[in-house]
Enquirer: 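Submitted below is the structure of interest, expressed as structure tokens.
Note that this is a predicted model, so its numbers are computed, not measured. Here is the naming used below: chain letters follow the sequence lines, and residue numbers restart at 1 for every chain.
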Amino acid sequence: MLDPKLIRQDAETVSKKIATRGAALDVARFQLLEDQRKTLQIKLQELQNERNNHAKMVGQAKAKGQNVDELLQQVKKMGDTLKDTEEKFNQVQTELNQFLAMIPNIPHESVPIGKSEKDNKVIRTWREPTKLNFTPKDHVDLGAPLGMDFAAAAKISGARFVVLRNQLAKLQRALVQFMIDVHTREHGYQEIYVPFIANADSLFGTGQLPKFKEDLFAIKRDESEWYLIPTSEVSVTNIVRDEIIEADQLPLKFVCHSPCFRSEAGSYGKDTRGMIRNHQFEKVELVHIVHPEKSYDALEELTSHAEKILQLLELPYRVMALCTADLGFAAAKTYDLEVWLPSQNCYREISSCSNTENFQARRMQARFRDPKTGKPELVHTLNGSGLAVGRTLVAILENYQDEKAEIHIPKVLQPYMNGLTVIKP
RNA sequence: GGAGAGAUGGCUGAGUGGUUGAAAGCGGCGGUCUUGAAAACCGUUGAGUCCUUUCGGGCUCCGGGGGUUCGAAUCCCUCUCUCUCCGCCA
């Protein structure tokens, strides 16, 4: 959520910046609501002040043993106007909050302006794309004889799920283990395990709700509604919701493995083949909770940590700075890591690293105590995949295939595979 | 699933209708003392928000929501969560 004060001060500038993302900020509507809010709030607070004063007078009079009948008569009349004003104010406040909750974050000044993903900027490329002197197979064809079973998954659940058997299941588990080990041992992350079902407050905090409800799997139980997490960013980031953290505790760096559940309602017909875009996939997530002044350094750091995994796996990739139009709702700046997929002859997203600045922190009321002022201040939150495990598996199959459609295990993974060097049927 | 007890400031914990935004302690911050530190002592210390150029003032908040009342941390209803005991269970 944006700072309402910022919009009040300069709605036009905010609107312009939001427009670079292809989103519209209805300045007129905001100002209308804001004017109503202001008028009503002042009136309401005056009435409340009056009521409080009268109540005090009653109390004092009673304490002195005076007769209070007349005083009570006066005060009773105030009740209706107060209640009426209160209702109106609450209504406007609710509308204003809903309005604010739907506004995306403001892009950082370093984010390239663009109209579509075509305007994303290549920051750097690591290694040349894998060259194979035969026609590469895609991961579906490679995986089928090795135990990648979409038919079984369809029977159990439906489309966009996968069953992995034998060495493929093991390879996925090895990847998870490997990534967590690197991040905890070499990058200083705290490993953390979290719930995979989250409440509405948590999803509001990280920005999935209310705007992207259709992308989530919801679980209804009696009155309450829960959601399967679309990423462990939700659970992990919300650990600091409604907290005031001591400054010396920052930065907090968490690494978390979880399954992720996405209904991908807006992506019908995209990547229908294979396990690129499934309803359920494994991900190792990195989350930073940092001092506001350090969040852009942290973004570079976090991104480099995700890159390190690709480097150790020796998978060619490139780093993209997303342009304004391609930014996620909560992000002020995002680097996507794209891994080379020989079968598609192109780079595909395997990690997305974002600085949300205080956008999520404001929704969550996640703060730290500034030692200089002693006052609580919003933290900055960042998150990034380190990496999407399912897509990493795909990348390994495709980049490490040989002519016989056998898969060579990257060196760093071999210890995690009991020394296995090749996967074959 | 059954029975009971709770939820108060960064933390522990008092407070059952009228200056209680809340005692006390811990922690934090400032100071005295000390060569320095510790200890001791003194002072200070909740959050959000609105109005105001400043000074300052107001409002809201004692798990969430609703109600009673002139007035609610305190009474009533409801939900959530935590703890104890019994049952069941990976």
Enquirer: Could you state the atom-to-atom distance from CD of A:Glu86 to P of B:C50 in whole Å?
Expert: 18 Å
Enquirer: Mapping A:Gln48 and A:Ile42 to their closest nucleotides on RNA chain B, which lands nearer the 5' end?
Expert: A:Ile42
Enquirer: Which comes earlier along RNA chain B counting from the 5' end, the contact point of A:Lys5 or that of A:Arg51, where each point is its nearest nucleotide?
Expert: A:Lys5
Enquirer: Taking the minimum atom-to-atom distance to the side chain of A:Gln45, which one of B:C50, B:C70, B:U68 wins?
Expert: B:C50
Enquirer: If we count only N and O atoms by modelled type, under 3.5 Å, do the side chains of A:Asn199 and A:Ser202 hold a donor and an acceptor together?
Expert: yes
Enquirer: If only side-chain N and O atoms of A:Asn52 are considered, is one of them under 4.0 Å from the OP1 or OP2 phosphate oxygen of B:G71?
Expert: no
Enquirer: Using purine N1 to pyrimidine N3 plus N6-O4 or O6-N4 for Watson-Crick, or N1-O2 and O6-N3 for G-U wobble, both under 3.5 Å, which nucleotide pairs with B:C61?
Expert: B:G46
Enquirer: Quantified in whole Å, what is the C1' atom distance between nucleotide B:C51 and nucleotide B:A37?
Expert: 48 Å
Enquirer: For the P atoms, the ones on B:C62 and on B:C88, what distance do you get once it is rounded to whole angstrom?
Expert: 41 Å
Enquirer: Could you tell me which nucleotide pairs with B:A14 by Watson-Crick or G-U wobble geometry, both distances under 3.5 Å, or answer none if nothing does?
Expert: none
Enquirer: In this structure, how many angstroms lie between the P atom of B:G28 and the CD1 atom of A:Ile244, rounded?
Expert: 17 Å
Enquirer: May I ask which nucleotide in the shown strands pairs with B:C83, Watson-Crick or G-U wobble, both distances under 3.5 Å?
Expert: B:G4
Enquirer: Which nucleotide, in any strand shown, forms a Watson-Crick or G-U wobble pair with B:U54, with both distances under 3.5 Å?
Expert: none
Enquirer: Given B:G48, B:C70, B:G10, which nucleotide is nearest the side-chain atoms of A:Ala55?
Expert: B:C70
Enquirer: Tell which nucleotide pairs with B:A90, taking only Watson-Crick or G-U wobble pairs whose two distances are both under 3.5 angstrom.
Expert: none
Enquirer: Using a cut-off of less than 4.0 Å, is there contact between a side-chain N or O of A:Arg37 and OP1 or OP2 of B:C51?
Expert: yes
Enquirer: Among B:G18, B:U52, B:G10, which nucleotide sits nearest the side chain of A:Lys38?
Expert: B:U52
Enquirer: Rounding to an integer number of Å, can you tell me how far A:Leu44 CG sits from B:C51 P?
Expert: 13 Å
Enquirer: Using a cut-off of strictly less than 4.0 Å, decide whether A:Asn49 has a side-chain nitrogen or oxygen near OP1 or OP2 of B:C59.
Expert: yes
Enquirer: Name the closest nucleotide to the A:Pro376 side chain, picking from B:U60, B:U49, B:G48.
Expert: B:G48
Enquirer: Please give the nucleotide sitting opposite B:A40 as a Watson-Crick or G-U wobble pair, both distances under 3.5 Å, or none.
Expert: B:U32
Enquirer: Side-chain N or O of A:Arg369 less than 4.0 angstrom from OP1 or OP2 on B:A47?
Expert: yes
Enquirer: For nucleotides B:U69 and B:C81, find the distance between their C1' atoms and express it as a whole number of Å.
Expert: 29 Å
Enquirer: Are any side-chain N or O atoms of A:Thr184 and backbone N or O atoms of A:Asp181, one a donor and one an acceptor, separated by less than 3.5 Å?
Expert: yes
Enquirer: In terms of side-chain heavy atoms, does A:Gln249 have a donor or acceptor partner in A:Glu243 at a distance below 3.5 Å?
Expert: no
Enquirer: Between B:U45 atom P and A:Asp370 atom CG, what is the distance in whole Å?
Expert: 19 Å
Enquirer: Look at the side chain of A:Lys83 and decide which nucleotide, out of B:C59, B:C70, B:U68, has an atom nearest to it.
Expert: B:U68
Enquirer: Grab the CD-P distance between A:Glu34 and B:U49 for me, whole Å please.
Expert: 13 Å
Enquirer: Run the salt-bridge test on A:Glu301 and A:Lys294 with the 4.0 Å N-O cut-off and return the result as yes or no.
Expert: no
Enquirer: Select one nucleotide: of B:G18, B:A47, B:C50, the one nearest the side-chain heavy atoms of A:Arg8.
Expert: B:C50
Enquirer: Take atom P in B:A14 and the same atom in B:A72, then report the distance between them in whole Å.
Expert: 25 Å
Enquirer: Please answer whether the main-chain N or O of A:Pro107 pairs with a side-chain N or O of A:Arg21 as donor and acceptor at a distance below 3.5 Å.
Expert: no
Enquirer: Taking the C1' atom of each, how far is B:G87 from B:G1, in whole Å?
Expert: 7 Å
Enquirer: Between A:Val27 and A:Ser15, which heavy-atom pair has the shortest distance, and what is it?
Expert: CG2-CB, 3.7 Å
Enquirer: Could you tell me how far B:G56 sits from B:C70 if I compare only their C1' atoms? Round to whole Å.
Expert: 29 Å
Enquirer: Could you tell me whether A:His288 and A:Tyr189 have their ring centroids closer than 6.0 angstrom?
Expert: yes
Enquirer: Just call it for A:Lys375: base, sugar-phosphate, or nothing, with non-hydrogen atoms closer than 4.0 Å on any strand.
Expert: sugar-phosphate
Enquirer: Between B:G30 and B:U84, how far apart are the C1' atoms? Round to whole Å, please.
Expert: 44 Å
Enquirer: So, for A:Ala331 and A:Asn105, which heavy atoms are closest and what is the spacing to 0.1 Å?
Expert: O-CB, 3.6 Å
Enquirer: What is the distance, to the nearest angstrom, from the CD atom on A:Glu87 to the P atom on B:G67?
Expert: 9 Å
Enquirer: What is the distance from CG of A:Asp242 to C1' of B:U80, rounded to the nearest Å?
Expert: 15 Å
Enquirer: Rounded to the nearest angstrom, tell me the gap between atom CG in A:Asn53 and atom P in B:G18.
Expert: 18 Å
Enquirer: Could you please name the partner base of B:A72, counting Watson-Crick and G-U wobble pairs only when both distances are under 3.5 Å?
Expert: none
Enquirer: Taking the same atom, C1', in B:G10 and in B:G66, what whole-Å distance lies between them?
Expert: 31 Å
